[in-house]
Number of protein chains: 2
Amino acid sequence: MKKCVNNLASLQFILQVLGGKWKLHILSILYFGKKRFKELEREIDGISAKMLIKELKDLEAAGIVNRQTINTVPITVEYSLTTDGLTMKPLLEQMNEWAVKFQQTTSKKSAGY
Amino acid sequence: MKKCVNNLASLQFILQVLGGKWKLHILSILYFGKKRFKELEREIDGISAKMLIKELKDLEAAGIVNRQTINTVPITVEYSLTTDGLTMKPLLEQMNEWAVKFQQTTSKKSAGY
DNA sequence: CAGGATCCTCTCCGATACTG
DNA sequence: CAGTATCGGAGAGGATCCTG
């Protein structure tokens, strides 16, 4: 009586959560643990502070990323994956794996033979 | 001597391939087999012909989708997953699974308790 | 039926300057 | 350091008309 998979209707939802130029990049870093805002900014090459803030807000609103403010003198904010966010680690791994393989096969082909 | 996963650098690549409003939706249909252009258009609610064409072209260029022209009187074109495209079926399944679960947990929380 | 061309709108995203 | 506000360009994406 379970539906098995007769459609992949929820796939759209993935894009709403992970869509945007930087979200996967951010997650691929938080994947390895808690990071401060500035660390993220440094590790994500090319991102502007504005976009980092925005994407982090989106991820926070989605319940994937945790925001923790620490009241130091120059304020410190740390971001990490929530419990829900952690559930997508295997998914991130598999996505990355697929991407690696796919890039290899396509580069072989375009190499001519 | 293998790298294990010490970074998820290829994740960016996923977005280049699957980014765009409709690509996952298209793939979630081609997942189940070959489809004609018009069938896709009908099954993807809200998509415009222009976007369907564009997204299909992108997917074709990426080597994920196959385009086959059949010389009937009103021309028929069929789209299907390539060999490379088929390799992402497990990925699509896992993405969908995660999305389903994630939507459940978040809807529970927003239900108040 | 499948797809091209054109026009138009809206959102994404970068750059910059400013606040606690 | 972390975040907000504003401006502006580029591209995504929609609607419509046209063609083989």
Side-chain angles (χ1 to χ4, degrees), chain A residues 11-30 33-62 64-82 85, chain B residues 11-30 33-62 64-82 85:
Chain A
L11 274 178
Q12 303 315 297
F13 178 71
I14 291 261
L15 276 186
Q16 295 176 18
V17 175
L18 302 186
K21 196 173 176 182
W22 306 102
K23 294 209 178 65
L24 277 180
H25 203 146
I26 293 173
L27 291 176
S28 74
I29 293 179
L30 292 182
K34 186 178 293 189
K35 286 284 179 185
R36 301 211 342 269
F37 181 88
K38 207 59 180 181
E39 291 179 306
L40 286 171
E41 193 178 4
R42 264 191 291 266
E43 295 193 31
I44 302 178
D45 200 49
I47 196 171
S48 65
K50 170 187 162 184
M51 285 314 296
L52 182 51
I53 289 167
K54 189 209 157 198
E55 301 284 67
L56 284 169
K57 258 190 194 169
D58 289 347
L59 292 171
E60 194 192 353
I64 291 177
V65 157
N66 219 327
R67 194 190 110 121
Q68 185 183 2
T69 309
I70 304 173
N71 239 333
T72 52
V73 181
I75 194 171
T76 301
V77 181
E78 288 186 335
Y79 292 90
S80 55
L81 295 179
T82 62
Chain B
L11 274 178
Q12 303 314 298
F13 178 71
I14 291 262
L15 276 186
Q16 293 175 20
V17 176
L18 302 185
K21 197 172 174 180
W22 306 100
K23 295 210 176 67
L24 278 178
H25 202 146
I26 293 172
L27 292 176
S28 75
I29 294 179
L30 292 182
K34 186 178 294 190
K35 287 285 178 182
R36 298 204 355 262
F37 182 87
K38 207 61 180 179
E39 292 179 304
L40 285 171
E41 193 178 4
R42 263 191 293 266
E43 294 193 31
I44 302 179
D45 200 49
I47 196 171
S48 65
K50 169 189 165 187
M51 285 314 298
L52 183 51
I53 291 168
K54 189 207 157 199
E55 301 283 69
L56 284 169
K57 258 192 193 166
D58 288 348
L59 291 171
E60 195 193 351
I64 291 177
V65 157
N66 218 327
R67 195 189 110 121
Q68 185 182 3
T69 308
I70 304 172
N71 239 333
T72 52
V73 181
I75 194 172
T76 301
V77 181
E78 289 186 335
Y79 292 91
S80 55
L81 295 179
T82 62

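The chains referred to below are lettered A, B, ... by the order of the sequence lines, with proteins before strands, and numbering in each begins at 1.
- Residue B:Leu15 contributes atom CG, which lies 14 Å from atom P of D:dA12 at whole-angstrom precision.
- Rounded to whole Å, the distance from CD on B:Glu41 to P on C:dC1 is 9 Å.
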Donor-acceptor pairs under 3.5 angstrom involving side-chain atoms of residues 13-29 of chain A: please list them, not counting sequence neighbours.
unit_1	atom_1	unit_2	atom_2	d
A:Lys23	NZ	A:Gly19	O	2.7
A:Lys23	NZ	A:Glu55	OE1	2.9
A:Lys23	NZ	A:Asp58	OD2	3.3
A:Ser28	OG	A:His25	O	2.7

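- A salt bridge links B:Lys38 with B:Glu41: the closest approach of a Lys/Arg side-chain nitrogen to an acidic carboxylate oxygen falls below 4.0 angstrom.
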| request: Apply the test side chain to side chain contact (heavy atoms under 4.5 Å, CB included) to residues A:Leu30 and A:Leu59: give CA-CA distance (whole Å), side-chain angles for both, the deciding distance (0.1 Å), then the verdict. | output: CA-CA 11 Å; A:Leu30 292 182; A:Leu59 292 171; 5.7 Å; no
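- When the nucleotides C:dA2, D:dG14, D:dC1 are ranked by their closest atom to the side chain of B:Arg36, C:dA2 comes out on top.
- Using modelled atom types, one side-chain atom of A:Glu39 and one backbone atom of A:Arg36 make a donor-acceptor pair closer than 3.5 Å.
- The shortest distance between the side-chain N/O atoms of A:Lys38 and the OP1/OP2 oxygens of D:dC1 is below 4.0 Å.
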Please list each protein N or O that sits under 3.5 Å from an N or O in nucleotides 4-11 of chain C, with the distance.
unit_1	atom_1	unit_2	atom_2	d
C:dG4	OP2	B:Lys57	NZ	2.9

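- If you take CD of A:Glu60 and P of D:dA2, they are 14 Å apart, rounded to a whole angstrom.
- Between B:Lys34 and B:Glu78 there is a salt bridge, since at least one side-chain N of the basic residue sits less than 4.0 Å from a carboxylate O of the acidic one.
- As rounded to whole Å, 14 Å separates atom C1' of D:dG14 from atom CG of B:Leu52.
- Atom P of nucleotide D:dC1 and atom CG of A:Leu56 are separated by 16 Å, given to the nearest angstrom.
- In this structure, the CD1 atom of B:Ile47 is 13 Å from the C1' atom of D:dA12, given to the nearest Å.
- Of the residues near DNA chain C, B:Thr76 and A:Lys54, the one whose nearest nucleotide (by heavy atom distance) lies more toward the 5' end is B:Thr76.
- Taking every heavy atom of both residues into account, B:Asn66 and B:Thr82 meet most closely at N-CG2, 3.6 Å.
- Between the P atom of D:dG11 and the CE atom of B:Met51 lies a distance of 15 Å, rounded to the nearest Å.
- Rounded to whole Å, the distance from CD on B:Gln68 to P on C:dC1 is 19 Å.
- Paired with B:Phe37 under the rule side-chain contact (heavy atoms from CB on, under 4.5 Å), one option of B:Ile75, B:Ile53, B:Thr76 passes, and it is B:Ile53.
- Distances were taken from every side-chain heavy atom of B:Val77 (C-beta onward) to each of C:dA2, D:dA2, D:dC1; the shortest belongs to C:dA2.
- Set against C:dA2, D:dA2, C:dC13, the side chain of B:Ile75 has C:dA2 as its closest nucleotide.
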